[in-house]
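Just so you know, ligand 1 is whichever comes first in the structure, and atom 1 is the first atom listed for that ligand.
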Amino acid sequence: MRENDTENLMVILSSPSGVGKTTLTKKLQQKNRSFKISVSHTTRAPRSNEVDGIDYHFVNKEKFLKLKKENKFYESAEIFGNYYGTLKENVDKGIKNNDIIFDIDWQGTKQLSNFKNLKLIKIFLITENKEELKNRLKKRNQNTNNEIENRFKSFDEDIKHWSDYDYIIINKNLDNCFRQLEKIIELNKTKKVTVFSHKSL
Ligand code: 5GP
């Protein structure tokens with residue numbers, strides 16, 4: 001797929017819930033018009049600020065499982081009791097004219113990595129420590145106490161998978177984090193090779 005310097009990028013951004021991934025992906029799309037966010041399908045109920053077709057394609061479980069059975073997803077996962085997945089058709093269309101950023105978890109990243117024709121840049125975002133994550137989840141005010149607890153608990157499982165990624169960014173400050181993300185993208189835009197390491201930053 002990527003044979004010259006101008007080929008489009010597929011950037012995966014994963015993190016434990018609440019680290020700032022959604023803010024970063026949105027900022028990237030606003031600042032860098034070449035980037036489109038991959039809009040996943042999910043069976044989760046929309047939050048009050050979310051719009052169908054923009055934040056997610058909200059579908060019921062039946063529709064999701066039908067798409068899965070028909071092999072329409074590049075990847076899918078069950079997370080916090082809901083299904084999430086990336087539709088092949090959307091990615092294949094999008095990558096023709098745009099770079100794509102994926103806000104997906106480690107399970108999806110593993111599955112996408114199995115498609116050897118997809119040249120991915122995998123970035124893992126973490127907070128400095130667990131307490132910082134808990135503060136962020138509380139401040140975000142989008143989840144019930146129970147949901148916050150579940151998301152917090154999944155932190156240990158999530159960070160076990162950091163070594164599957166090409167780059168790790170520690171989110172101490174969102175602006176710095178964004179600059180690092182831009183730097184990674186810039187580096188990969190001008191490189192021909194597809195195996196990278198955070199050591200090259
Ligand atoms: P949220 O419910 O907070 O929007 O997302 C919960 C988790 O699901 C986040 O870690 C997010 O990255 C992940 N996620 C969102 N869409 C997808 C997807 O299509 N596939 C996978 N594997 N994970 C996703």
Side-chain angles (χ1 to χ4, degrees), residues 10-29 36-61 63-68 71-95 100-115 118 120-127 130 133-134 136-162 164-165 167-169 171 177 181:
M10 296 177 116
V11 178
I12 296 181
L13 196 57
S14 296
S15 72
S17 190
V19 178
K21 193 175 32 169
T22 308
T23 314
L24 281 181
T25 49
K26 289 195 170 155
K27 194 167 171 177
L28 183 67
Q29 190 183 35
K36 288 269 175 276
I37 298 175
S38 165
V39 181
S40 299
H41 280 60
T42 185
T43 59
R44 167 167 79 58
R47 296 180 183 132
S48 58
N49 60 339
E50 288 179 326
V51 179
D52 187 30
I54 293 184
D55 297 288
Y56 280 104
H57 298 287
F58 294 99
V59 292
N60 60 28
K61 197 170 162 186
K63 165 96 179 165
F64 190 98
L65 293 176
K66 184 169 182 282
L67 289 168
K68 187 168 158 62
N71 200 21
K72 295 281 168 67
F73 291 120
Y74 269 126
E75 63 77 32
S76 66
E78 189 178 348
I79 306 164
F80 310 124
N82 295 302
Y83 292 107
Y84 297 82
T86 305
L87 209 64
K88 285 180 184 167
E89 191 186 341
N90 293 351
V91 175
D92 293 345
K93 265 192 208 153
I95 198 65
I100 300 187
I101 185 147
F102 299 84
D103 169 347
I104 62 174
D105 81 332
W106 61 269
Q107 304 175 74
T109 305
K110 260 196 186 344
Q111 292 168 46
L112 275 183
S113 304
N114 289 333
F115 290 89
L118 303 180
L120 307 166
I121 300 161
K122 296 179 272 186
I123 305 171
F124 195 70
L125 185 66
I126 48 172
T127 46
K130 266 172 112 173
L133 180 75
K134 198 163 206 170
R136 279 166 177 272
L137 283 169
K138 282 184 184 158
K139 257 196 228 152
R140 195 164 77 158
N141 208 20
Q142 284 173 344
N143 305 99
T144 61
N145 283 345
N146 201 10
E147 282 168 344
I148 290 177
E149 232 15 79
N150 284 341
R151 281 161 192 259
F152 185 61
K153 274 188 205 144
S154 77
F155 179 90
D156 292 332
E157 179 59 34
D158 288 341
I159 60 162
K160 274 189 207 155
H161 302 278
W162 68 270
D164 294 341
Y165 290 77
Y167 299 92
I168 311 294
I169 301 179
N171 186 3
C177 225
L181 179 63

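- Those atoms of ligand 1 that come under 4.0 Å of a heavy atom in Thr86, given as number and element, are 19 (O).
- The proximity of His41 to ligand 1, defined as any non-hydrogen pair under 4.0 Å, does not occur for either the backbone or the side chain.
- Across Ala45, Ser40, Ser15, heavy-atom proximity to atom 16 (N) of ligand 1 is greatest for Ser40.
- Each of Trp106, Tyr165, Trp162 was checked for a side chain to side chain donor-acceptor pair (under 3.5 Å) with Ser14, and the lone residue meeting it is Tyr165.
- Taking a 6.0 Å sphere around CD of Glu89, one finds it holds 12 or fewer heavy atoms contributed by other residues, nucleotides or ligands.
- Side-chain contact between Leu181 and Ile123: present, with at least one pair of heavy atoms (C-beta onward) separated by less than 4.5 Å.
- For Lys21, the closest heavy-atom approach to ligand 1 falls below 4.0 Å.
- Less than 4.0 angstrom separates some heavy atom of Ala77 from each of these atoms of ligand 1: 22 (N).
- Counting the atoms of ligand 1 from 1 in the order shown, those under 4.0 Å from a heavy atom of Gly108 are 22 (N).
- Within the 4.0 Å heavy-atom criterion, the part of Arg44 lying near ligand 1 is the side chain and not the backbone.
- Remark: the backbone N or O of Thr22 is not paired with any side-chain donor or acceptor of Lys27 at under 3.5 angstrom.
- Within the 4.5 Å cutoff, the side chain of Met10 has heavy atoms near those of the Val91 side chain.
- Shown in contact with Gly85 at under 4.0 Å from a heavy atom are these atoms of ligand 1, numbered in order with element: 18 (C), 19 (O).
- Between Leu24 and Cys177, some side-chain heavy-atom pair lies under the 4.5 Å cut-off.
- In this structure, the separation between OH on Tyr74 and CG on Asn114 is 12.5 Å, given to the nearest 0.5 Å.
- Listed by number with element, the atoms of ligand 1 under 4.0 angstrom from any heavy atom of Asp103 are 11 (C), 12 (O), 14 (N), 15 (C), 16 (N), 17 (C), 24 (C).
- Taking each of Tyr56, Tyr74, Phe80 in turn, the one with a heavy atom nearest to atom 5 (O) of ligand 1 proves to be Tyr56.
- Compare Asp105, Ile79, Ile104 by their heavy atoms: the one nearest to atom 22 (N) of ligand 1 is in Asp105.
- With a heavy-atom cut-off of 4.0 Å, Lys110 does not touch ligand 1 at all.
- Residues Lys61 and Thr43 bring no donor and acceptor atom of their side chains to less than 3.5 Å of each other.
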